[in-house]
Peer 1: 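Okay, here's the structure, questions in a sec.
Below, read A as the first sequence line, B as the second, and so on, with proteins coming before strands; counting in each chain starts at 1. Just so it is clear, the model here is predicted, and its values are computed rather than measured.
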Number of protein chains: 2
Amino acid sequence: MPNKQPPSDQRHATMADVAAHIGVSRQLVGLAFRHAPGVSAETAAKIFQAAEEIGYQPNLAAQALRREGTKYIGVTYHTSHSSSEELLPAIYKAAETHGFKVILSATSSLRSDQEALNEIIGHRCDGAILISSTLPNSRLQKIAKSLPLVSLSRRIEGVNCGVVASHGEHGVYEAVQYLASLGHKAIAYVDTVEMFDHEYRLQGYQDAIRELNLENWIATISGDYIESAGAQAAEQFMSQGELPTAIVCANDQVALGLVYTFQKSGIKVPGDVSIVGYDDTIARNPFLDFTTVHQDAKELAEAAVADLADRIAGKKKLAELYLTSANLVVRSSTSVPRLN
Amino acid sequence: MPNKQPPSDQRHATMADVAAHIGVSRQLVGLAFRHAPGVSAETAAKIFQAAEEIGYQPNLAAQALRREGTKYIGVTYHTSHSSSEELLPAIYKAAETHGFKVILSATSSLRSDQEALNEIIGHRCDGAILISSTLPNSRLQKIAKSLPLVSLSRRIEGVNCGVVASHGEHGVYEAVQYLASLGHKAIAYVDTVEMFDHEYRLQGYQDAIRELNLENWIATISGDYIESAGAQAAEQFMSQGELPTAIVCANDQVALGLVYTFQKSGIKVPGDVSIVGYDDTIARNPFLDFTTVHQDAKELAEAAVADLADRIAGKKKLAELYLTSANLVVRSSTSVPRLN
DNA sequence: GGATTTCGCTCGTCTCTAAGG
DNA sequence: GCCTTAGAGACGAGCGAAATC
């Protein structure tokens with residue numbers, strides 16, 4: 001009766017296996033994998049080759065358990081939030097350059113933000129990036145005391161965490177100014193009140209309108225299906241007698257709903273109405289090719305990770321706000337106004 | 001000079017802290033959290049309350065390290081694959097009922113399937129679900145020897161893993177039959193050759209057309225931006241003299257590109273052309289309201305998790321294929337054919 | 001004596017055996 | 001037989017200190 005099973009196919013290789021394979025100590029293998037100084041280049045090469053041969057992959061759980069910090073960044077995001085499509089890859093990249101691994105934790109109608117965050121705490125992540133989190137500020141403030149936090153794409157206030165979002169005021173302001181420069185005077189704005197940070201984008205609209213001495217024309221909509229909300233806004237405009245000559249939307253999805261519905265009713269974009277979106281997600285899709293405000297996923301991700309890394313290193317404690325660029329990208333959904 | 005720091009705010013609480021807080025043994029706390037037998041209801045309540053009070057969350061790394069299996073399921077998915085929007089929440093749910101936690105690992109143009117899989121191996125997941133993975137079969141076959149695998153939304157062959165996908169042949173067949181029942185005779189199909197499993201959906205079209213004694217009318221398209229591909233297909237149809245009276249698309253995104261482009265050119269849907277999608281993702285969006293083939297995220301997720309759980313338990317080793325339901329959902333993008 | 005390698009303890013939890021109330 | 005505790009050895013890697021060439 002064997003008191004110890006031979007390393008079966010089932011068991012994963014460990015550092016000890018690698019070490020035994022070439023006759024060095026386990027610790028030395030550890031040093032090599034940590035890229036710590038004091039391992040001769042020759043030995044290191046042998047070690048990595050042996051690891052390759054027996055298919056060794058470091059056990060992340062063991063690392064996380066033993067290390068002072070886990071070197072994990074937790075990221076919560078909502079599965080149907082379209083902007084995370086570009087944000088997540090950028091976060092992976094940025095985290096890697098800062099020496100962190102990413103642990104994703106998805107939220108949805110079936111999984112709350114709190115559950116997602118608990119998982120991150122369970123993994124003992126050194127810090128967390130919360131994308132458009134719906135957690136109340138009081139809750140966040142409590143969590144921020146023991147876990148470095150960055151709120152991404154949601155400008156929260158009164159919480160000691162980093163906040164990273166695109167400069168909505170500026171982006172929308174620029175869009176309205178551009179439309180005015182084309183000769184538009186009846187410029188409307190579609191405000192989606194259930195979207196985070198909608199108020200800042202609205203602010204940009206109002207600032208520009210005031211400065212241009214034009215009239216406010218705001219359509220306020222709400223609803224889960226954001227494209228449908230855009231469609232609903234289109235109906236609203238069409239039932240009001242005269243249409244504006246240009247409409248700025250709080251995001252690309254609303255713009256799509258709007259354009260689709262107009263076209264279905266025979267209203268041409270941009271011939272009859274110019275439309276501008278925000279986000280530059282679906283807008284850049286060649287068949288849509290909407291004029292929109294571009295927010296840069298890479299810039300957002302890098303700012304978020306850099307701030308979080310500073311917090312983890314203890315260099316920051318207080319609230320800090322970063323507004324990343326939001327610039328108009330002119331494409332084919334805008335033109336000079338129609339002749340009435 | 002204190003030889004031991006008092007539990008500072010920085011350190012996370014452990015089972016020992018919980019135990020000390022109410023004066024029981026550390027082992028008992030462990031039993032309670034594992035819901036193991038032998039803990040009185042009264043004591044268990046006290047333990048959980050104490051855990052709540054001092055904010056204890058089990059250290060997942062320690063659990064994963066010590067346990068025989070980690071009870072993790074790794075899931076790889078591509079961030080711009082729209083169907084994962086519904087699939088991921090469903091997988092979380094299904095995994096939970098089977099007693100597993102989920103570890104997400106995203107792929108994108110910046111992060112390969114192999115990197116994503118390595119992370120999963122690093123976490124020592126008991127098994128993995130690969131959603132529309134692009135890894136070559138030979139690679140998968142090698143991995144499947146040491147890690148239970150399920151391929152979701154991609155029908156691979158020759159690999160000893162579970163395969164779960166919707167019954168594309170049936171779904172498209174049903175769509176064509178329905179169109180024929182409305183009186184359509186010129187029924188075209190848009191085949192997206194770069195999509196996984198496109199061949200099965202095409203097969204359904206061909207089977208139905210043959211059975212109905214109609215003529216094959218296939219538009220083959222390729223390209224990254226799948227909605228643009230749809231738009232491109234629309235251009236193709238419009239340049240061919242006469243339009244078909246109905247078009248079945250390989251997926252919803254293509255359908256959107258098609259409909260959008262037709263409408264822009266003044267062609268009415270469904271007045272001039274009926275359109276059917278596949279997936280029932282964006283199609284269900286109220287402002288689109290496309291007729292489409294519904295594939296059920298919940299059904300897919302449950303089948304995938306159930307099969308994987310069986311593999312992890314050692315109840316299965318060989319390849320196995322599950323085809324989940326694919327049923328036509330009639331909405332407003334289809335009607336009787338136009339009068340020529 | 002500096003470069004290279006090894007020792008020995010530790011992280012938080014699981015799991016097992018033995019024994020106490 | 002119920003509940004509870006004591007004690008100890010894992011799991012796999014990190015890291016400070018000591019040993020070796």
Peer 1: If I take atom CG in residue A/Leu65 and atom C1' in nucleotide D/dC11, what distance separates them, rounded to the nearest angstrom?
Peer 2: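 Rounded to whole Å, this separation is 9 Å.
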
Peer 1: For C/dC14 and B/Arg34 - does any side-chain N or O of the residue sit under 4.0 Å from the phosphate oxygens OP1/OP2?
Peer 2: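 Yes, because at least one side-chain N or O of B/Arg34 sits under 4.0 Å from OP1 or OP2 of C/dC14.
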
Peer 1: Which pairs, protein N/O on one side and nucleotides 7-10 of chain C N/O on the other, fall under 3.5 Å?
Peer 2:
unit_1, atom_1, unit_2, atom_2, d
C/dG8, O6, A/Arg26, NH2, 3.3
C/dG8, O6, A/Gln27, NE2, 3.1
C/dT10, O2, A/Arg66, NE, 2.1
C/dT10, O2, A/Arg66, NH2, 3.4

Peer 1: Mind telling me whether B/Phe33 and B/Tyr56 have parallel, tilted or perpendicular rings, with 30° and 60° as the class edges?
Peer 2: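 Taking B/Phe33 first and then B/Tyr56, their aromatic rings stand perpendicular (interplane angle over 60°).
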
Peer 1: Whole angstrom is fine here: how far is it from CZ in B/Phe33 over to P in D/dT4?
Peer 2: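 Going from B/Phe33 (CZ) to D/dT4 (P), I get 15 Å.
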
Peer 1: Is A/His78 close to A/Ile131 at the side-chain level, that is, under 4.5 Å between some pair of heavy atoms?
Peer 2: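 No, too far: nothing below the 4.5 Å cut-off.
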
Peer 1: Using atom CG of A/Asp17 as one end and atom P of D/dC11 as the other, report the distance to the nearest whole Å.
Peer 2: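 It is 11 Å, rounded to the nearest whole Å.
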
Peer 1: Starting at atom CD1 of A/Ile47, determine the distance to atom P of C/dT4, rounded to an integer number of angstrom.
Peer 2: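 That distance rounds to 12 Å.
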
Peer 1: Could you check whether A/Pro58 gets within reach of a base, just the sugar-phosphate, or nothing at all, counting any heavy atom under 4.0 Å?
Peer 2: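 The answer is sugar-phosphate, as A/Pro58 gets under 4.0 Å only of primed atoms, P, OP1 or OP2.
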
Peer 1: Within less than 4.0 Å of OP1 or OP2 of D/dC2, is there a side-chain N or O belonging to B/Ser40?
Peer 2: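 No, B/Ser40 has no side-chain N/O under 4.0 Å of OP1/OP2 on D/dC2.
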
Peer 1: Roughly how far apart are B/Cys125 SG and B/Leu147 CG, rounded to 0.5 Å?
Peer 2: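 So the SG of B/Cys125 and the CG of B/Leu147 are separated by 7.5 Å.
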
Peer 1: Will you find, in the side chains of B/Gln295 and B/Ser166, an N or O donor that is under 3.5 Å from an N or O acceptor?
Peer 2: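 Looking only at side-chain atoms, B/Ser166 and B/Gln295 do form a donor-acceptor pair, the distance falling under 3.5 Å.
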
Peer 1: Taking for each residue the nucleotide of DNA chain D with the nearest heavy atom, is it B/Glu42 or B/Ala62 whose nucleotide lies nearer the 5' end?
Peer 2: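 Taking each residue's closest nucleotide, the earlier one in sequence belongs to B/Glu42.
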
Peer 1: What is the distance, to the nearest angstrom, from the NE2 atom on A/His12 to the P atom on D/dA10?
Peer 2: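 After rounding, the reported distance stands at 21 Å.
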
Peer 1: Could you tell me how far apart B/Leu28 (CG) and D/dG7 (P) are, to the nearest whole angstrom?
Peer 2: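 B/Leu28 atom CG is separated from D/dG7 atom P by 16 Å.
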
Peer 1: Between the side chains of B/Glu86 and B/Thr281, is a donor N or O closer than 3.5 angstrom to an acceptor N or O?
Peer 2: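 On atom types as modelled, these side chains do not qualify, holding no pair under 3.5 Å.
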
Peer 1: Quick one: B/Glu68 CD to D/dG12 C1', roughly how many Å, whole number?
Peer 2: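 Checked: the CD to C1' distance equals 14 Å.
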
Peer 1: Can you tell me how far C1' of C/dT13 sits from CG of B/Leu31, to the nearest Å?
Peer 2: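 Atom-to-atom, B/Leu31 to C/dT13, this comes out as 12 Å.
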
Peer 1: Quick one: do B/Arg111 and A/Glu96 make a salt bridge, cutoff under 4.0 Å?
Peer 2: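 Salt bridge between B/Arg111 and A/Glu96, a charged N being under 4.0 Å from a carboxylate O: no.
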
Peer 1: Looking only at side-chain atoms of B/Met15, point me to the closest of D/dT4, C/dT13, D/dA13.
Peer 2: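 So the side chain of B/Met15 is nearest to C/dT13.
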
Peer 1: Should B/Lys46 and B/Glu42 count as an ion pair when the cut-off is N to O under 4.0 Å?
Peer 2: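 No.
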
Peer 1: For B/Val24, report the nucleic acid contact type (base, sugar-phosphate, nothing); a contact means any heavy atom under 4.0 Å.
Peer 2: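 Sugar-phosphate contact only - B/Val24 comes under 4.0 Å of backbone atoms but never of a base.
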
